[in-house]
Every structure is written in structure tokens, then in C-alpha cells.
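What follows is one structure encoded as C-alpha cells, with my remarks underneath.
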Amino acid sequence: MKAIDRMITKTARFWVIGILLKYILAFLVGTVLIYWLSIGLPDVAFVKAGAYASADTVQALKVELHLDRPPVEQFFGYWDALLSGEMRSFYTREPLIGVLPDKLAVSGVLLLATFNALAVLTGGWLLVFRLFRKTPFVRNLLISWVASVPLFVSAILLLFITTMLGIPPVIGAAVSLALFPSLLLSANIFQRWSVLRKKPYSLLAQHYRLPAGAMLARRMREFLPSLSILFNSLAFFITTGIAIVEWLFGLPGFGRWTMESILRLDTPVIFLAGVIATAAVSSLLFAEELLGRHFSSGPA
Amino acid sequence: MAKWIKRLYFSGRLLAILVLLVFALHETKDPFQVRPDLAFQPPSADAWFGTDRLGRDLFSRTGRALRNTVVDAGFAALLGFLTAFGLALLSVWRGVGTRYFNAGVDVFSASLRSIPIFLPAMTFAVLFRNTLYGPIIALYAISLTYSLPVHRVELRRAYTSPFIEGTVALGATPGYILARCIVPDVMPRLFRYALLDFASLVAFASLLGVVGLNSPPEPDIGSLVYDGRLYLADRPWLFLAPSVILVVFLMLTWSLTALGREE
């Protein structure tokens with residue numbers, strides 16, 4: 001309890017609330033920016049009506065899709081429809097709330113598989129780094145070459161390999177998503193481990209034969225900042241990577257749905273996806289900043 | 001490892017960058033010339049990277065694509081750098097950077113980072129589809145999002161350094177401090193970051209090509225890679241040639257950021 005009391009001092013409360021407010025504001029501004037971007041897109045009524053449609057048909061479509069209303073009214077109309085579960089796609093006219101769980105389920109499975117792949121690949125990279133521990137030049141060369149392979153190149157190669165070997169596409173997709181974050185994480189852990197081994201307290205502990213468990217606990221605490229790296233790379237890979245990988249591997253998930261909606265100018269889906277993804281990224285960034293502040297203010 | 005091997009390696013990287021630039025600027029053949037009779041030719045002395053399904057020379061097309069991608073990413077990185085530096089300077093410059101203005105820039109920066117980057121980038125690319133500047137605007141949105149926090153942190157660090165306080169106490173003007181103290185202090189780091197940003201933008205520009213948001217008929221690396229995937233089993237050069245060129249270019253650009261420190 002004392003530790004909790006110490007943590008929640010008046011000052012601590014203020015900076016946590018400050019950061020929270022900042023990210024709530026950022027989320028709200030972000031949704032406005034997304035809406036502002038989506039209304040800048042070419043008029044979907046023209047696209048949906050087709051090249052030979054008359055002006056009356058286009059106007060009727062605009063009225064049907066509420067595109068004739070002023071932008072501010074449309075923005076609040078979107079929020080209203082979103083919160084009441086009545087938001088519908090411009091094309092299929094089905095309520096998005098009915099489609100969303102299926103899409104999120106596919107992306108959720110991919111995300112779970114990605115976390116598994118991340119753990120396996122990080123372990124594998126750590127073994128490789130240990131193998132080349134005496135030749136940092138070779139190790140760095142390996143890291144820089146692997147890190148330079150863009151996601152879509154590795155995804156296409158993995159799609160080819162998984163198709164040839166008859167492996168489920170979700171595994172290939174997960175491996176391609178986890179490749180870069182695992183390299184980043186393992187390189188960071190390896191570097192920290194090398195530094196920790198030479199720290200005075202490690203040398204003293206070795207000298208006085210401190211129990212291995214206590215030493216491990218101490219070192220694990222110092223590894224935690226590595227996790228903050230994951231927040232950044234995950235924020236990027238979850239939002240950008242999932243869309244690309246789902247699209248390339250033909251997985252009908254949330255990312256692919258969003259990307260296809262942008263390409264066919266389906267504004268309600270873009271708005272819904274934007275709100276969900278912005279909320280997810282804001283939460284990740286909030287957690288990252290919180291962890292960053294905690295570790296930078298705490299003892300080294 | 002012997003020092004001379006490392007030096008050879010570093011010089012090799014610079015040489016490789018030069019070779020890639022010559023490759024991108026020098027067209028041995030017309031990249032748009034269609035020759036159906038020469039379709040799907042494997043790599044040979046006549047066509048170094050082979051030919052595609054329309055008999056177009058893949059070597060010239062990859063070079064042209066690299067040039068297009070690099071020019072788009074370069075322009076976007078430059079614009080992003082200048083805007084981020086200007087905004088960051090306004091937010092930290094004494095007398096201008098008030099508390100509320102700083103808070104506003106802070107929230108704006110967090111908002112930009114909170115939006116999943118592919119949403120605005122793809123929306124801009126769709127908005128300006130089939131224009132030459134469409135990809136540049138999309139890439140600029142990405143560049144500004146990530147550059148702004150870095151520039152702010154660097155400038156804030158420089159402005160709060162003890163030697164700046166000393167210079168102010170000696171009566172230096174804000175212009176003198178900016179030109180003679182701040183810029184020389186922050187520029188090496190910011191240039192290194194800009195190079196990283198540029199490499200990331202090259203990768204993202206290729207990604208826009210993968211999803212079809214490029215400026216046809218001009219080729220770009222992403223669309224060449226994406227088109228080549230269909231022939232990966234029997235004509236792998238169509239996928240491998242542009243992919244390898246892109247990976248080598250990215251690797252060399254990223255490694256240049258570490259060049260000064262390593263040597």
C-alpha cells in the first residue's frame with residue numbers, strides 16, 4: 001500500500017491526467033482530421049451512379065447518402081449513426097455494426113498468431129546473435145540486411161512459400177508481420193544484456209555469489225524498457241502492416257476492409273475504421289509515454 | 001576485424017550508392033517500348049534483368065522506377081524536414097513559444113501520430129490519384145507526422161543547453177543564437193534523422209505502388225514488385241530484380257546514417 005501511495009502522489013496524478021487528457025484530445029482531433037480527409041475524397045455519388053448517370057440521379061443519390069448536408073452536420077451525423085449502431089456502408093447498405101465483429105475476429109486471430117510468431121522469432125534471433133557475439137560486424141550486417149527488406153516483399157515471398165508448402169496463410173501473414181518487430185526487440189534485448197553483464201552490480205553479485213533468481217529478477221526489471229520499443233513498432237505494424245498483409249494474403253479482416261473502403265471511397269467505413277484505429281493507436285501511445293516517463297524518472 | 005576491411009566496406013557502400021544513382025539516371029533502352037515478340041525473356045547480355053509480359057526491358061524500367069520513387073520520397077522528405085523544423089522552432093523559440101502554443105503543437109503532434117498512418121497517406125494518394133504530386137503529398141503527411149516530435153525534442157534540448165544560457169547572458173541576439181549556436185548543434189542529428197526518414201519514405205512510396213496508388217504510366221518499384229509476384233514460380237526475375245534493387249538501396253541509405261559514427 002505504501003508503494004501505491006507513493007506512486008499516486010499529487011504530482012504523479014497530475015502528469016498522468018495531463019497525458020491522458022492530451023491523448024483524449026489527440027483522439028478527438030484525429031477523428032476530425034479523418035473526417036476532413038474523407039470529405040475531401042472525390043464525390044462517391046458520381047462514382048456509385050456510374051459514368052452515364054443523369055444529374056437528377058446523382059442528386060437523388062446524394063440525398064439518399066446524406067451527402068447534400070453541410071460538412072459539420074454530416075460529421076455529427078456520423079457520430080450519431082456510429083453510437084446508435086445505424087451506420088451503413090454506401091455500397092452494401094448493411095449496418096457496419098453487424099459486419100465489424102467478423103472483420104475484427106479475423107484480424108484478432110492474425111494478431112494472436114503474430115504475437116506467437118513474435119515470441120518464436122525473437123528467441124531465434126537471440127540464438128543467432130549469440131552465435132555471432134564475437135563478430136559484431138557480421139551481426140550488424142545481418143540486422144541491417146534483414147531490416148531493409150520491406151514488409152510487402154517479405155509478405156509476397158512468405159505467401160509464395162506457404163502456398164507451395166500448403167501452410168495456412170494466416171501463419172505466413174503472422175510471420176511477415178512479426179519479422180521486423182522481432183528483430184528490433186531481440187537486437188535491443190541483446191544489446192541491453194551485454195551492457196548489464198558488465199555493470200558493477202553484476203560483477204559484485206557474481207563475486208559474492210548472489211542467488212541466480214535475484215539477479216535474474218534485477219535484470220528483468222531493466223529489460224522492461226525494451227517493451228516500450230514494441231509499442232511503437234506494434235502501433236505501426238498493427239495499423240499499416242495488418243492492412244497490407246491481409247490484402248496480400250487474402251484474409252477478410254479489418255485492415256483489408258479499411259483499405260478496400262478507401263479505394264472505393266466508402267466514407268462511413270473509413271470513418272468507423274479511423275475511429276477504431278485512432279483509439280487503438282492513441283491507447284498504445286498513451287501506454288508508451290506512461291512507461292517512458294515511469295522508467296526515465298525511476299532508478300536506473 | 002582489420003581496419004582496412006571495414007574501410008573497404010564503407011567505401012564499397014558509397015560506391016554502391018553511386019552505381020545505383022547511375023543506374024537510376026542512365027537509361028540504356030526505352031522503358032516504355034513494347035515488344036510482344038520479346039515477352040518474358042530471361043536475363044541475358046542484351047536484357048540484363050530480362051523482359052516483362054509486354055517485352056519491355058526490365059533493367060530500364062527498374063532504373064526509371066527507382067528514380068521516380070526516390071524523387072517522390074526526396075521531395076516529401078525535404079518538405080517534411082522544412083515544415084517540421086519551422087513548426088518546432090516556433091514552438092521552442094523564446095518569446096514565441098508560449099505555453100498555450102506549445103500545448104497546441106503538442107496535441108497536434110500527438111493527433112497526427114494517433115491517426116494510423118496509412119489512412120491519411122492512402123486518402124491523400126486516392127485524392128490526388130493520377131497526378132504527379134499525389135504520392136508526394138501522401139508521403140509528406142507521413143514525414144511530417146514523425147519528423148515533428150523529433151525536431152521539437154532536438155531543438156528543445158539545444159535551447160535548454162547551459163552554453164545557450166551563457167550566450168544569452170553575454171547579450172547575443174536571437175538570430176545569432178539560432179544561426180551560430182542552435183543550427184550547428186542540431187543539424188548533424190537532424191540530417192541523420194532526415195536520411196532515415198527518406199529511406200522509410202522510399203519504402204512507403206513503393207508500398208503505394210503495391211496498392212496501385214502510383215502515377216501511371218510511369219513505373220515505380222512497388223508496382224513492379226507487385227506485378228512480378230504472379231510469375232514468382234516460373235519467371236522469378238520479374239519479382240526478384242526490382243525487389244533486390246529496392247532492398248539494396250534501402251540498406252545502403254540506412255547504413256549511411258551510421259557511416260560518420262562508425263568511422
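Quick caveat: nothing in here was measured; it's all calculated off a predicted structure. A, B, ... follow the sequence lines: proteins, then strands. Residue 1 opens every chain.
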_If you compare all heavy atoms of Ile244(A) against all heavy atoms of Leu207(B), which two are closest, and at what distance to 0.1 Å?_
CD1-CD1, 3.6 Å
*Between chain B and each of Ile156(A), Val153(A), Val29(A), count heavy-atom pairs under 4.5 Å; write down the option with the most.*
Ile156(A)
*If you round to the nearest 0.5 Å, how far is OG of Ser144(A) from CG of Leu250(B)?*
11.5 Å
*For Arg264(A), what residues pass the side chain to side chain donor-acceptor pair (under 3.5 Å) criterion, not counting sequence neighbours?*
none
*Measure distances from Leu159(A) to the heavy atoms of chain B and classify the residue's part below 4.5 Å as side chain, backbone, both or neither.*
neither
_For Met259(A), which atoms come within 4.5 Å of any heavy atom of chain B: side chain, backbone, both, or neither?_
both
*Tell me, for Phe249(B) versus chain A, whether the close heavy atoms (under 4.5 Å) come from the side chain, the backbone, both or neither.*
neither
*Is it the backbone or the side chain of Leu246(B) that comes under 4.5 Å from a heavy atom of chain A, or both, or neither?*
side chain
*asked:* With a 6.0 Å cut-off (strictly less than), is the heavy-atom count around CZ of Arg189(B), excluding the residue itself, greater than 12?
replied: no
*Which pair of non-hydrogen atoms, one from Ala147(A) and one from Trp254(B), has the smallest distance, and what is that distance?*
O-CZ3, 3.8 Å
*Can you tell me if CZ on Phe75(A) sees more than 12 non-hydrogen neighbours from other groups inside 6.0 Å?*
yes
_Proximity breakdown for Thr253(B) and chain A, heavy-atom pairs closer than 4.5 Å_ = neither
*Where Ser148(A) and Val247(B) come nearest, the two heavy atoms and their spacing*: CB-O, 3.8 Å
*Relative to chain A, which segment of Ala199(B) carries a heavy atom at a distance below 4.5 Å: side chain, backbone, both, or neither?*
neither
*Which of the residues Leu157(A), Thr135(A), Ile34(A), Thr278(A) is involved in the greatest number of heavy-atom pairs with chain B at under 4.5 angstrom?*
Thr278(A)
*Could you look at Ala279(A) and say if it's the side chain, the backbone, both or neither that has a heavy atom under 4.5 Å from chain B?*
neither
*Arg133(A), CZ: over 12 other non-hydrogen atoms inside 6.0 angstrom*: yes
*Measuring from Ile161(A):CD1 to Leu232(B):CG, what's the distance to the nearest 0.5 Å?*
8.5 Å
